[in-house]
Amino acid sequence: MENMFRLIDHDQEVTNNRCIWVNGPVIVGAGPSGLATAACLKEQNVPFVVLERADCIASLWQKRTYDRLKLHLPKQFCQLPKMPFPESFPEYPTKRQFIDYLESYASRFEINPKFNECVQTARFDETSGLWRVKTVSDAESTRTEVEYICRWLVVATGENAERVMPEIEGLSEFTGEVVHACDYKSGEKFAGKKVLVVGCGNSGMEVSLDLANHLAKPSMVVRSSVHVMPREIMGKSTFELAMKMLKWFPLWLVDKILLVLCWLVLGNIERYGLKRPEMGPMELKSAKGKTPVLDIGALEKIRSGKIDVVPGVKRFNGNRVEFVNGELLDVEAVVLATGYRSNVPYWLQESEFFAKNGFPKTAIGNSGWKGRTGLYAVGFTRRGLSGASMDAVNIAQDIGSVWKLETKQPTKRSTATLRRCISQQF
């Protein structure tokens, strides 16, 4: 294979090359999952290339999150491998602090993604036994297509790559402002307005809280049951408390203890229109990947009437919304806190490891990070940043063991070797 390529300096301009050989894995995505995998590969002395469609790392955090966002879990559960958060950071770092941490992380491990390269297709070539990853980039009005050829492919685009836009009758004719939560920044411009927030997950709750704090009049749509838990119980992180109990007690018992503690701290939330699922919070997370809502003040606003809880939306009629119970409400703006989805089915031409929903078929739990033919997934196990970090460590060790065995080269490489194809056809 070596005589089919000629070596070029990785710093040389390669945007005019159609075919690039990568002497190591290609990582698709420069969010926390991709960065964690790259750092772990660096520690294994394995070269790599990171492809990112945006113009920055962690574009979800930098461009598609609201201003007041903080990490919902204590920082020790959100740090990436090989580098803890600075001690000066608070227990729940702000959005800006987390971005600064990620930028420092990329700098420390010399991770330099190829920005503005959007993957169009990735497929495994059975004949050559290699992955072929085609990207498109538009820079200075020039459309450039590049094909990367590699032995390993790491999918790190995550669970939240694309926004979910619900189909609601009449919404397209609504004359007020309609914004998805990924484009919502602050409730300041909504002051005094009646705002409908569609969705009651962590984003929906926090957007509603932010709107109330800015003197808007939010109504939050709660269509189905939801577990609302205090972020802390007696000064301790609820999540940390659950993790400690799971070391000693079965899951069902941990759920019962948590629900009793939630009742003691929050009271009966069902009288406010927040019905709990029949399945316990940890069991629901384990079985279906559905994360409980960690309350940081929204529930108090609901009790005081500053946030209204309303049932599912049936249709819009002008600026009036009709709910499934027949009630009507005039609103001036709508925030769609309807979540995100994986974009993997749009570009990865593979159906054995990934399901149609864009998640590995064994995505929940400790498995789901390794497929066949050198395909890996990081950040899809629905266990947050700590789960993504565990995936990254496993992937790097798996690739690293093969790399070391075959190369027997202990010296570190800072980046992947890039080779330009002599022929357009491989």
Side-chain angles (χ1 to χ4, degrees), residues 66 68 163-184 186-230 262-263 266-279 281 284 288 290-341:
Y66 37 90
R68 65 162 286 125
R163 72 187 74 182
V164 174
M165 299 295 289
E167 294 184 4
I168 304 175
E169 182 183 343
L171 181 59
S172 59
E173 284 79 44
F174 179 71
T175 57
E177 182 176 0
V178 179
V179 60
H180 191 275
C182 68
D183 296 317
Y184 175 94
S186 168
E188 184 176 1
K189 69 175 182 177
F190 297 102
K193 293 185 178 181
K194 296 179 180 180
V195 184
L196 184 70
V197 179
V198 182
C200 61
N202 279 298
S203 293
M205 284 280 193
E206 196 156 353
V207 166
S208 297
L209 173 61
D210 188 58
L211 286 166
N213 287 339
H214 283 93
L215 304 180
K217 302 172 184 177
S219 296
M220 184 178 64
V221 174
V222 179
R223 189 179 59 176
S224 57
S225 57
V226 58
H227 275 301
V228 180
M229 306 172 69
C262 287
W263 186 85
L266 303 178
N268 179 15
I269 65 173
E270 293 198 8
R271 60 179 172 174
Y272 303 112
L274 301 170
K275 184 179 179 181
R276 291 194 181 277
E278 293 184 5
M279 192 177 292
L284 191 63
K288 299 183 179 181
K290 190 172 182 180
T291 303
V293 172
L294 295 177
D295 177 58
I296 55 173
L299 197 57
E300 182 56 38
K301 297 291 185 182
I302 292 172
R303 288 195 188 99
S304 65
K306 293 180 179 179
I307 297 176
D308 287 332
V309 174
V310 295
V313 175
K314 184 176 181 179
R315 64 170 68 91
F316 281 84
N317 185 4
N319 281 13
R320 178 169 293 179
V321 58
E322 179 182 349
F323 300 109
V324 292
N325 63 356
E327 292 182 0
L328 302 175
L329 178 68
D330 290 327
V331 295
E332 298 167 87
V334 177
V335 179
L336 300 172
T338 46
Y340 301 85
R341 63 168 173 252

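Interatomic distance, OG1 of Thr338 versus CD1 of Ile168, reported as 8.0 Å (0.5 Å rounding). Atoms CD1 and CG, on Ile307 and Leu211 in that order, are 8.0 Å from each other to the nearest 0.5 Å. Interatomic distance, Ser172 OG to Phe316 CZ, rounded to the nearest 0.5 Å: 10.5 Å. Atom CG of residue Leu196 and atom NZ of residue Lys194 lie 12.0 Å apart, to the nearest 0.5 angstrom. Between the CG atom in Asp295 and the SG atom in Cys262 there is a gap of 10.0 Å [rounded to 0.5 Å]. Rounding to the nearest 0.5 Å gives a distance of 4.0 Å between CZ of Arg276 and CD1 of Ile269.
By the 4.0 Å N-to-carboxylate-O rule, Glu270 lies too far from Lys275 to be salt-bridged with it. Remark: Arg163 engages Asp183 in a salt bridge, criterion side-chain N to carboxylate O under 4.0 Å.
Under the 4.5 Å side-chain criterion, counting only non-hydrogen atoms from C-beta, Leu274 is not in contact with Val293. In this structure, Arg68 and Glu206 have side chains that are in contact, with non-hydrogen atoms separated by less than 4.5 Å. For the pair Leu328/Val321, no side-chain contact is recorded, criterion being any heavy-atom separation below 4.5 Å from C-beta on. Residues Leu209 and Met205 form no side-chain contact, since every pair of their non-hydrogen atoms from C-beta on lies 4.5 Å or further apart. Within the 4.5 Å cutoff, no side-chain heavy atoms of Val334 are placed close to those of Val195. Residues Leu329 and Ser219 are in side-chain contact: their nearest non-hydrogen atoms beyond the backbone lie under 4.5 Å apart.
Around CD of Glu278, the count of heavy atoms belonging to other residues, nucleotides or ligands within 6.0 Å does not exceed 12. Within a 6.0 Å sphere centred on CD of Glu177, heavy atoms belonging to other residues, nucleotides or ligands number more than 12. Around CZ of Arg320, the count of heavy atoms belonging to other residues, nucleotides or ligands within 6.0 Å does not exceed 12. Atom CG of Asn317 is surrounded by 12 or fewer heavy atoms from other residues, nucleotides or ligands within 6.0 Å. With a 6.0 Å radius and a threshold of 12 heavy atoms from other residues, nucleotides or ligands, Arg223 has its CZ atom at or below the threshold.
Residue Met229 comes nearest to Pro281 through the heavy atom pair SD-CB, 3.8 Å, listed as atom of the first residue, atom of the second, then distance. Heavy-atom minimum distance, Pro311 versus Val221: O-CG1, 3.5 Å. The two residues Asp210 and Gly187 come nearest to each other via the heavy atoms OD2-N, 2.8 Å. Ala216 approaches Pro218 most closely through the heavy-atom pair O-CD, 3.2 Å. Scanning both residues, Ser225 and Lys290, for their nearest heavy atoms gives O-NZ, 3.4 Å. What you find for Leu284 and Met279 is that their closest heavy atoms are CA-SD, 3.6 Å.
Using a 30° and 60° split on the angle between ring planes, Tyr184 and Phe190 fall in the parallel class, below 30°.
At least one donor-acceptor pair under 3.5 Å links the side chain of Asn202 to the backbone N or O of Pro292. Put simply, the side chain of His227 never gets that close to the backbone of Leu294: no donor and acceptor are under 3.5 Å apart. Remark: side-chain polar atoms of Glu332 are not paired, donor with acceptor, to backbone N or O of Lys193 under 3.5 angstrom. Although no hydrogens or angles enter the test, the distance criterion places no donor-acceptor pair under 3.5 Å between the side chain of His214 and the main chain of Gly192.
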**OP:** Please report the C-alpha distance between Lys314 and Glu169 in whole Å, then the side-chain angles of each, then the deciding distance to 0.1 Å, and finally whether the salt bridge (Lys or Arg N to Asp or Glu O under 4.0 Å) criterion is met.
**Re:** CA-CA 7 Å; Lys314 184 176 181 179; Glu169 182 183 343; over 6 Å; no

**OP:** Go through Leu299 and Leu266 one step at a time and tell me if the side-chain contact (heavy atoms from CB on, under 4.5 Å) criterion holds.
**Re:** CA-CA 8 Å; Leu299 197 57; Leu266 303 178; 3.7 Å; yes

**OP:** Start with the C-alpha gap between Tyr66 and Ser203, add the side-chain angles, then the distance that decides, and say whether side-chain contact (heavy atoms from CB on, under 4.5 Å) holds.
**Re:** CA-CA 9 Å; Tyr66 37 90; Ser203 293; 4.0 Å; yes

**OP:** Apply side-chain contact (heavy atoms from CB on, under 4.5 Å) to His180 and Met165, showing your working.
**Re:** CA-CA 8 Å; His180 191 275; Met165 299 295 289; 3.7 Å; yes

**OP:** Show your reasoning for whether side-chain contact (heavy atoms from CB on, under 4.5 Å) applies to Val179 and Val335.
**Re:** CA-CA 5 Å; Val179 60; Val335 179; 3.9 Å; yes

